[in-house]
2 protein chains.
Amino acid sequence: METRELRYFVAVAEELHFGRAARRLGIAQPPLSRAIQQIERRLGAELLTRTSRSVTLTEAGAVLLREAKAALDAVDAAERRTRRAATGRPGLVLVAKAGASAELLAKLLDAYAAEPGAVPVDVQLSGVAQQERSLRDGRADVALLHRPFDSTSGFDTESLSTEGQVAVLPAGHPLSVRTALSMLEVTEESGLPLPRWPLFDGSYPAGPGPEVRDHAQLLQLIALGRATAVLPESCRSQLRGDLAAVPVPDAPRVTTVIAWPPHSRSRALAGLVRAATRL
Amino acid sequence: METRELRYFVAVAEELHFGRAARRLGIAQPPLSRAIQQIERRLGAELLTRTSRSVTLTEAGAVLLREAKAALDAVDAAERRTRRAATGRPGLVLVAKAGASAELLAKLLDAYAAEPGAVPVDVQLSGVAQQERSLRDGRADVALLHRPFDSTSGFDTESLSTEGQVAVLPAGHPLSVRTALSMLEVTEESGLPLPRWPLFDGSYPAGPGPEVRDHAQLLQLIALGRATAVLPESCRSQLRGDLAAVPVPDAPRVTTVIAWPPHSRSRALAGLVRAATRL
DNA sequence: CCCCGGCGATACTGCCGAGGTATCGGTCGC
DNA sequence: GCGACCGATACCTCGGCAGTATCGCCGGGG
């Protein structure tokens, strides 16, 4: 199976439309049709059911879509990591959600930089749910993730810290005078919707709340009285004067973990992880 | 980067010889030389240093070798899992080391088979260190691994049981009358070498002991007085009359875990894992 | 010291297959 | 019933992969 074929299949499987997929791939539609047919013939499996009006995935097709994306990420990672290794410049790329664990991150970078043999760390602040992808396709070497929100499956991890969550409300909101809130009170009695975060594929779930991409955006919406949110305690250090935070004891506790791809054989990465666990 | 190129590079990087690699790939040597050059040009990296007498890997080349193998496994997995999904026959493939955790495995299979909606489980007894590979390239859906011997990195796991280890000695061996032994006593005073297990790549580490592939082979060698071994307690149920087992309290405790590739979305697998954790 | 043998690179050729254009056949909507 | 849309088919072109022949380099043996 060639990566070209995998790319073609992924395009069709995602677009569910040969014409659009071909345009996205920058080729004409007939070669695409033929390529997919060839894959199906070789695998002895029907991957797509085509009527002249619509294309849908079969069960086998859904499996291939998931596996093909993972495989393409692995190929991308191979290319990117080799390119980086070839520059000879040592360095690590760390991804973290913009606005999350800011203090912890600062401490980590300081602690690591003080170590002998520390290499430069390039910090990338990504949108939510982009870190796993970055780790998988080789754009990053290490990430800060937050359980239970992020999935750590497929990575090696070390837990760094655990914290409770607080409800973030506009200053002056009736509930902001309370010393504690329950999740139910936040969702039902605040009168404010919770925001919707993008899913791994960049789309947003359906629902009432506003769509947000990062914490700065979210905090501004809260200040405007358009939303509320339950966030890890550590976000308090970034709250502006027009926002209030109230503990939510029954919200799940959030664990910040440092994660890296399995089988990483880099001295620098090992040093960073060591520094992290010693914090 | 096409999988063909990755395969070519892996062949050369492993053989460190263009001619042999070409023969292994079933092509002539010149196209192989050109293909590697093209990869190097595209990545802007020297992957191999060639003198007219030898070929060696550069640092970047070593990175690509590791990453390329992982990527090729992912591509193989995509193909195999799709083929399996297409048959429509539900079923799980479980790999375990031949001879390890035999009782636990039997109980697991029984417990799962009794569940409603259980699918047939195809058990593959592999050699040591082959399970991870099988899981990674899609030959298997789930594996029984043994920490700390097997690496579980990159997989999702659940711990099933923990046990101590025993020294397995020929019946009548002087140490076999003892009620306990230390690791030091086993290695230094038994007069018998420990066996050498194959590494992940099928090669054997250097050392004095005999090379073994599986437990049956090992037990026979011990009975012949050619080796000794420290194995998990549960192997006792398979010991023949000509072998004796003595607890080794200071040997690391062994945890049997059930492991599966991350992002598996199979109902059947979930059922098997559930049955396993309930044992 | 020279020549031979081994190895990777280069030159040149041929052919397979990926991709393009044109068109067909089926289906839905008006 | 006709037009529009969509995927499949027919046919052609051409780039690039693989093969053969050969070169250039180097080390070892006579």
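Model, not experiment: these values are computed from the prediction. Lettering follows sequence order; numbering is per chain, from 1.
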ask   = From the list C:dG20, D:dC26, C:dA9, which nucleotide is the closest neighbour of the side chain of A:Ile27?
value =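 Looking only at heavy atoms from C-beta outward on A:Ile27, the closest nucleotide is C:dG20.
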request  = Tell me which nucleotide among C:dG8, D:dA8, C:dA11 gets nearest to the side chain of A:Phe18.
outcome  =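 For A:Phe18, the side-chain atoms sit closest to D:dA8.
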query = What distance do A:Asp137 atom CG and A:Arg80 atom CZ have between them, rounded to the nearest 0.5 Å?
reply =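 A:Asp137 CG to A:Arg80 CZ: 4.5 Å, rounded to 0.5 Å.
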Atom pair OG/CZ of B:Ser266 and B:Arg81 - distance to nearest 0.5 Å =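 The CZ atom of B:Arg81 is 10.0 Å from OG of B:Ser266, to the nearest 0.5 Å.
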With no hydrogens and no angle check, just 3.5 Å: does a side-chain donor-acceptor pair link [X] and [Y]?
| X | Y | value |
| --- | --- | --- |
| B:Thr56 | B:Thr49 | yes |
| A:Gln29 | A:Ser33 | yes |
| B:Glu46 | B:Thr58 | no |
| A:Thr87 | A:Arg83 | no |

To the nearest Å, give me how far apart [atom1] ([X]) and [atom2] ([N]) are.
| X | N | atom1 | atom2 | result |
| --- | --- | --- | --- | --- |
| B:Gln29 | D:dT20 | CD | C1' | 12 Å |
| A:Glu2 | C:dG17 | CD | C1' | 13 Å |
| A:Leu25 | C:dG20 | CG | C1' | 15 Å |
| B:Leu32 | D:dA18 | CG | P | 9 Å |

key: A:Thr51 vs A:Gly26, nearer the 5' end of DNA chain C by closest nucleotide   =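 The residue closer to the strand's 5' end, by nearest nucleotide, is A:Gly26.
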task = Could you check A:Arg53 against A:Pro31 and say which one's nearest nucleotide on DNA chain D is further toward the 5' end?
result =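 Its nearest nucleotide being more 5', the pick is A:Arg53.
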ask   = Which ones in residues 33-50 of chain B lie close to DNA chain C, meaning a heavy atom under 4.0 Å from one of its atoms?
value =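 Those residues whose heavy atoms fall under 4.0 Å from DNA chain C, taken from residues 33-50 of chain B in numerical order, are B:Ser33, B:Gln37, B:Arg50.
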message = Between B:Asp76 and B:Arg139, does any side-chain N to carboxylate O distance fall below 4.0 Å?
response =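 Salt bridge flag = no for B:Arg139 with B:Asp76.
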query = Is there a donor-acceptor pair under 3.5 Å between the side chain of A:Gln131 and the backbone N or O of A:Leu144?
reply =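 It does hold such a pair.
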ask   = Under a 4.0 Å heavy-atom cut-off, which of residues 4-11 of chain B touch DNA chain D?
value =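 Output list: B:Arg4, B:Tyr8.
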message = For a salt bridge (charged side-chain N to carboxylate O under 4.0 Å, His left out) check, start with the C-alpha distance between B:Arg4 and A:Glu2, then their side-chain angles and the critical distance, and finish with the verdict.
response = CA-CA 7 Å; B:Arg4 181 181 52 84; A:Glu2 290 301 312; 5.2 Å; no
